[in-house]
There are 2 protein chains.
Amino acid sequence: MTNDFKNIENWQGCPVRFGMGIFGDKWTLLVIRDLMFKGKSYYGQFQDSEEGISTNILADRLQKLERNGIIDKARDAENGARYIYRLTPKGLDMMPMMLAMIDWAERYDGQTEVPPAFIKELRRDPAGLAARLRAELEAGT
Amino acid sequence: MTNDFKNIENWQGCPVRFGMGIFGDKWTLLVIRDLMFKGKSYYGQFQDSEEGISTNILADRLQKLERNGIIDKARDAENGARYIYRLTPKGLDMMPMMLAMIDWAERYDGQTEVPPAFIKELRRDPAGLAARLRAELEAGT
DNA sequence: CCAACCACTTGCAAATAACAAGTAACCGCA
DNA sequence: TGCGGTTACTTGTTATTTGCAAGTGGTTGG
């Protein structure tokens with residue numbers, strides 16, 4: 001056989017399938033959201049997010065993200081008892097996709113919490129917003 | 001209690017959470033891919049996609065997409081034994097997000113199958129490509 | 001009105017996720 | 001140097017979801 005799509009590690013080729021192999025579940029993009037837009041970096045902070053991810057699932061997703069090169073993990077310089085998680089360049093490159101998702105969701109979620117100023121800037125200059133947010137994340141390293 | 005995030009129907013507010021409530025699984029965006037980029041419109045065509053979605057999951061996802069207003073379902077004019085599935089405007093508005101995903105995946109999937117001409121056009125004029133693809137889909141109605 | 005097609009539905013087994021409790025590394029302080 | 005608190009998990013069990021195979025019912029063409 002040529003393709004074994006039963007194993008998700010083999011979901012390459014088609015770009016949408018490739019994406020689903022990496023973040024095709026309920027939780028992964030919520031962790032990326034926390035890293036990208038909420039200024040979160042620690043295990044405990046991800047756990048504190050209001051959706052209530054369970055700890056074994058969080059550990060599993062962080063490991064998969066690290067294995068896929070989306071995030072990296074290092075001991076925190078300020079407090080050696082914890083690890084700091086950060087987006088890699090590959091992870092940061094998901095910014096335009098995340099912003100496009102936000103743009104879409106803001107249009108259709110009647111209960112959206114996206115700040116009007118954010119959505120205004122997003123629609124006026126998406127690339128500029130992406131660049132600014134990315135620069136801020138890279139500065140905070 | 002104010003939020004019941006145990007029920008996925010209540011995943012509004014945050015735009016990423018809103019998205020995950022609708023397409024936060026392995027299969028949903030693959031169906032949308034088939035509708036958006038592969039010219040597929042029928043149940044059997046979705047089933048024939050090489051990832052091999054099982055029939056009960058496909059039925060469930062189509063129903064959820066319809067309920068969420070992403071697709072609509074109608075008897076096929078040419079063959080009344082089957083139904084035709086089409087993207088609604090809300091579904092078509094996911095185009096920029098899907099294109100951003102394709103852009104990202106093409107960069108990082110060493111085995112990508114995205115045609116070079118497509119990715120070139122996508123990076124030169126993403127909004128233009130989105131508009132063109134959307135017009136083609138709406139024409140084929 | 002029957003055979004074939006098409007779109008599902010159902011039942012059961014396997015995999016994944018949710019929940020609760022426990023373990024281990026490290027830090028600050030006595 | 002050891003002890004209590006913090007942080008990040010791991011483990012075991014139960015609940016939910018998915019995958020697989022077989023079956024059902026509407027529609028068409030003959």
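Naming convention: chains lettered A, B, ... in sequence-line order (proteins, then strands); numbering from 1 in each chain. Not measured: the values here are computed from a predicted model.
Defined by atom type and a distance below 3.5 Å, a donor-acceptor pair is missing between the side-chain atoms of B:S49 and B:K38.
Within a 6.0 Å radius of CD in B:E136, other residues, nucleotides and ligands contribute more than 12 heavy atoms.
Evaluated for a side-chain contact (heavy atoms from CB on, under 4.5 Å) with A:L65, the options A:T28, A:L87, A:D72 yield exactly one hit, A:T28.
Formation of a donor-acceptor pair under 3.5 Å by the B:Y43 side chain with backbone atoms of B:T55 is found in this model. In this structure, B:N68 contributes its side chain and B:I70 its backbone to no donor-acceptor pair below 3.5 Å. With hydrogens and angles disregarded, no donor-acceptor distance shorter than 3.5 Å links the side chain of B:R17 to the backbone of B:W11. The closest donor-acceptor contact from the side chain of B:E51 to the backbone of B:D48 lies at 3.5 Å or more, if one exists at all.
When DNA chain D is scanned 5' to 3' for any atom under 4.0 Å from a heavy atom of chain A, the first and last hits are D:dT7 to D:dC20. Boundaries of the chain B contact region on DNA chain C are C:dC6 to C:dC19, first to last in 5' to 3' order (nucleotide atom under 4.0 Å from a heavy atom).
Both A:D25 and A:R82 sit near DNA chain C, but only A:D25 has its closest nucleotide nearer the 5' end.
Taking CE from A:M97 and CZ from A:F23, the interatomic distance works out to 3.5 Å, rounded to the nearest 0.5 Å.
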Criterion side chain to side chain contact (heavy atoms under 4.5 Å, CB included) on A:E106 and A:L122, from CA distance to verdict: CA-CA 11 Å; A:E106 197 279 337; A:L122 172 55; over 6 Å; no
Evaluate salt bridge (charged side-chain N to carboxylate O under 4.0 Å, His left out) for B:R61 paired with B:D25, printing each intermediate quantity in order. CA-CA 10 Å; B:R61 294 304 184 275; B:D25 73 282; 3.0 Å; yes
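Of the residues in residues 41-76 of chain B, B:S54, B:T55, B:N56, B:I57, B:R61, B:R75 come within less than 4.0 Å of DNA chain D through at least one heavy atom, sorted by number.
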